[in-house]
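Some notes on the structure that comes next.
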2 protein chains.
Amino acid sequence: MQLLKAKKFDTRFEVLSATLKLFSEKGFFRTSMQDISAEASVSIGSIYHHFKNKEVIAKALYDMLLDSMTAQTQLCLDTEESFRASCKRLIRYFFEVAEQQPHALKFLLYARHQEFLPNHPAICQAKPFELLIVAAKEAIASGELRDVDPVIVVSSTFGGPMRLMLMKVDGVMDVPIEACFDASWECIWRGISR
Amino acid sequence: MQLLKAKKFDTRFEVLSATLKLFSEKGFFRTSMQDISAEASVSIGSIYHHFKNKEVIAKALYDMLLDSMTAQTQLCLDTEESFRASCKRLIRYFFEVAEQQPHALKFLLYARHQEFLPNHPAICQAKPFELLIVAAKEAIASGELRDVDPVIVVSSTFGGPMRLMLMKVDGVMDVPIEACFDASWECIWRGISR
DNA sequence: GTCTATATTCGGATAGAC
DNA sequence: GTCTATCCGAATATAGAC
């Protein structure tokens, strides 16, 4: 599933797509409107017709990607029966995104937003994180997990995989990230399971 | 131990100290030389006398903090006898820094460097990480840890605590981070130990 | 809706006195 | 070594034609 959705082949999409690539490569501040214009083959005037300013492009992009992540998280939690199964599936999904849409994941993970979207909540206050906290709480109540603070459960569960994903999107990992899944998951599950 | 060392009460130190605060609050690009000048109570001309440009300040800061981290990592690995004891001590140390010198940790963790120090190695290629990989390898050989890829061991060990540290420096954690230590460590150790 | 040309601001960096 | 005053380029954003 593509995180960045092409409703139709329109200017708006071209701009967002080009911007995502540039931001993840060079960052928000090193990317000029000129750059975006060139990469998207859309004039600066047109860009400003669709987006009030550069920050608005960033915000549109961020919201879109985060919404996809939230939807996917919700889906995994709703579809699977156990916390274990939900997390396994979700991490598998994240790994897939890291492999196939590294730009999107890098943009999202690198929490640069803090810098270019001032007074925006930190990523750890975002929706997916909160959904997982709730799910962890339930899994503790049901006895699936040991009785540990849910925040620590979620950090322990996703902290390791996130390090691996960062390595992947930074180009430091030469093997496919899927190769890390089993070993990584075993560490996680031994850590949090009852 | 202070990560930012005051050799003497000199201009250079004043600038670095002010810059650390501003960068961690507003980021590299939103901090102007004007801002630094005001915060440090040092004229712009003087700043440029000591540092060629803004990037050089950032790099000096980054190197200084990373060197401290490397030294501390080395110390823990040299002093303690087991991988387990080394990591416990190191994470305790990190937590302490998160609590007492959040600016320093935030600057270091937020890997914004990628953006303002182009073609600089990602944090996961930095010295402390490499030291830990080697140590993990040895601990596997000695039978202290299960036979898991050392990269995964290190990610699993520090991934969780790093999430917690980020929450702390982002002001999202209201309790002292030390309160998380025992539970977090138990998850880690169950995950990686033999 | 898209484009080109242009205005205006901002901030990094320098010159040169003390 | 420190300071003030100033330069100048870059990039955001706009105006207005098509």
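All values reported here derive from a predicted model rather than from experimental measurement.
- Contact check on B/Lys21 versus B/Glu39 returns a salt bridge, with a Lys/Arg side-chain nitrogen under 4.0 Å from an Asp/Glu carboxylate oxygen.
- What separates NZ of B/Lys52 from P of C/dT14 is a distance of 7 Å, to the nearest Å.
- For the residue pair A/Asp67 and A/Thr70, no side-chain donor N or O sits within less than 3.5 Å of a side-chain acceptor on the partner.
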Quick one, give me the B/S/- string for nucleotides 2-12 of chain C, reading 5' to 3', where B means a protein heavy atom under 4.0 Å from the base and S means that only happens at the primed atoms, P, OP1 or OP2. BBB-------S
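- Checked for salt-bridge contact, A/Glu96 and A/Arg92 miss the test: no charged N lies under 4.0 Å from a carboxylate O.
- As rounded to whole Å, 14 Å separates atom C1' of C/dG1 from atom CZ of A/Phe51.
- Judged as a side-chain hydrogen bond (donor to acceptor under 3.5 Å, both in side chains), the pairs with a partner in residues 49-58 of chain B (not counting sequence neighbours) are, in order, A/Arg30-B/Glu55.
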Assess the residue pair B/His120 and B/Tyr62 against the criterion (ring-ring contact (aromatic ring centres under 6.0 Å, His included)); give the C-alpha distance rounded to whole Å, side-chain angles, the decisive distance to 0.1 Å, and a yes or no. CA-CA 11 Å; B/His120 218 248; B/Tyr62 181 69; 5.2 Å; yes
